[in-house]
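Chain letters run A, B, ... following the sequence lines, proteins first, then strands; residues in each count from 1. Predicted model only: the values in this text are computed from it and were never measured.
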Amino acid sequence: MLLIDLARTSAAVAADSARLVKIRHLAELLARVGPDEAEIAIAYLSGELPQRQLGVGFASLRDLPEPRLAATATLSRVDDLLSRIRTQSGPGSQAARKALLEELFASLTRPEQTFLSRLIRGELRQGALDGVMIEAVAKASGAPAAEVRRALMLRGWLPAVGAAALSGGVEALRAFRLEVGRPVSPMLAQSAPSVAAALERVGGRAALEWKLDGVRVQAHRSGETVSVFTRALEDITAQVPELVEVVRALPVADLVLDGEVIALRPDGRPEPFQITSGRVASRTDVARARLSTPLSVFFFDALRVDGADLLDLPDETRHAELARAVPPELITPRLVTGDVARGEEFFKEVVGRGHEGVVVKSPDSPYAAGRRGAGWIKVKPRHTLDLVVLAAEWGSGRREGRLSNLHLGARDPSGGGFVMLGKTFKGLTDELLAWQTERFLELAEGPVDGWTVRVRPELVVEIAFDGVQRSGRYPGGMALRFARVIRYRPDKTPDQADTVETVRSLMI
DNA sequence: TTCCGACAGTGGGGTCGCAAT
DNA sequence: ATTGCGACCCCACTATCGGAA
């Protein structure tokens, strides 16, 4: 199949906002693709690359060669060149990568270049990724979407699942099983503003667990072989030796466990997320990193214990199996209750210990990948500040032509100015975007045709955030984590905004 | 007819490793 | 030694479609 066929399908998918139409376009293409190119087609049209990463990003794609007029590139040839790009390493590899990229793009027409460039940058913007592709695979293969979804959870890679469905139908999908050593797509949580709201959504009795601010891990053990994967299914076994040792020492030799690793201080309080994250990412001298920053692990779910797959069993049963296989000090603290007051007390205690919040779990829900259903709901405390807008950046995509990303500052009583604490684009409705674009242009100081528009610091905006972290990027040495807009405060003037001292007092 | 679950899009801060400067 | 880039860790929120109620 030719790349131009995919580029045209992608354009058609992007052109119609109706999901059913997108699914029809995608399914029609899948019906035409041959078995040897099915994985590539499914990957590209769901925004993925079979190589997963190339070492090529936005900067490497800035200037493309002149396009060709005739479309001749096949999926296999493109895939082949991308594989060669990916495998370049060592001195001279950037030049080699650039040359191969030139060769590839010089063989493409304009629409193919556009499609591939967006795909590599991870900005397909056709309104269809995994979720829509699952439906398209179901339609093209005749298998129920639920079977495709389940196989995807077990295999973790839609192109492989989709190709199997196209060639072997529902039987091929049912052949995907939980395999020790191969990561499963993890179950994710929705969020709620309060424990009471979460309990109501779950419907009465629920399990509340500590939410630790670390890195999600899935640990597999078969005999003496242990592997560890992240939420995105990256293999980090070599980076977390203490976790490997812990799992190897358990009395059960056949296991798949779900949990969180976190760096704790000697007093048991958590290190800032940056410390845990940096430790888990360290690959060069793990032995030394482990001495200075040891990791602790807390498990909260068991997907397999001693030969039994537990995915379809209710949370309560899985947790009982977890408790059978793992000693209590390695299990995330948990309270089962239907009582709102007791739940809130638990939440307060967890936050008082310096942790992130709680996860409220329905005792009946099976293990289901993604955010599907409301089996798990996280609750975190929310802080707010009144800050001043210092500048805004022009948006992209559906925010093109709108001033979108806000630069936020706290008042500096000593200097009389404002200290930038970070940016946010979250929480803005279309109406608010339109309003602030107009307002910022009135307040503009300096040029408005660049990337960033500076504005007179007159607007106060209420910002919610999860915490204040150390920053080497901003002048105050601190930045807000997960900042989002709650509302503008027309009733407040900038001299009533919160100060840097207030913010500093919130830093961990 | 209205409601709500699922999905895609739009970006945020921080860290590490690697190659180039 | 420093810088730029890519990949990945954590992630919140709104708009929209279409099936459920």
Under 4.0 angstrom between [X] side-chain N/O and [N] OP1 or OP2:
| X | N | value |
| --- | --- | --- |
| A/Q53 | C/dC8 | yes |
| A/R97 | B/dA19 | no |
| A/Q88 | B/dA19 | no |
| A/T284 | B/dG17 | yes |
| A/K380 | C/dC11 | no |
| A/S404 | B/dG11 | yes |
| A/R125 | B/dG9 | no |

For a quick check of understanding: with a heavy-atom distance under 4.0 Å over all strands, which category does A/E400 fall into, base, sugar-phosphate or nothing?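 Touches nothing.
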
Would you classify A/A479 as touching base, sugar-phosphate or nothing, given that sugar-phosphate means primed atoms plus P, OP1 and OP2, and contacts are heavy atoms under 4.0 Å?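 Contact class for A/A479: sugar-phosphate only.
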
5' precedence on DNA chain B between A/F273 and A/L124 (nearest-nucleotide basis):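 Residue closer to the 5' terminus by nearest nucleotide: A/L124.
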
5′-ward residue of the pair A/R398/A/L480 relative to DNA chain B: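 The residue mapped nearer the 5' terminus is A/R398.
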
Please test A/T499 against A/R411 for side-chain hydrogen bond (donor to acceptor under 3.5 Å, both in side chains), starting from the C-alpha separation and ending with a verdict. CA-CA 4 Å; A/T499 64; A/R411 188 158 56 89; 5.6 Å; no

Of the candidate nucleotides B/dG13, C/dG6, B/dG12, which contains the atom at the shortest distance from the side chain of A/Y474?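 Of all the options, the side chain of A/Y474 is nearest to B/dG13.
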
Starting the side chain at C-beta, find the nucleotide from B/dA19, B/dT15, C/dC11 nearest to A/Q94.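 Shortest atom-to-atom distance from the side chain points to B/dA19.
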
At what distance, to the nearest 0.5 angstrom, does CG of A/D412 lie from CZ of A/F418?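 A/D412 atom CG to A/F418 atom CZ measures 9.5 Å (nearest 0.5 Å).
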
Flag for A/S292-A/R288: side-chain donor and acceptor within less than 3.5 Å: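 Per modelled atom types, A/R288 and A/S292 side chains form no pair under 3.5 Å.
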
In whole angstrom, what separates A/F465's CZ from C/dA12's C1'?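 Value for this atom pair: 14 Å.
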
For the backbone of A/Q239 and the side chain of A/R279, can you confirm whether one donor and one acceptor N or O come within less than 3.5 Å of each other?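 Such a contact is found between A/R279 side chain and A/Q239 backbone.
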
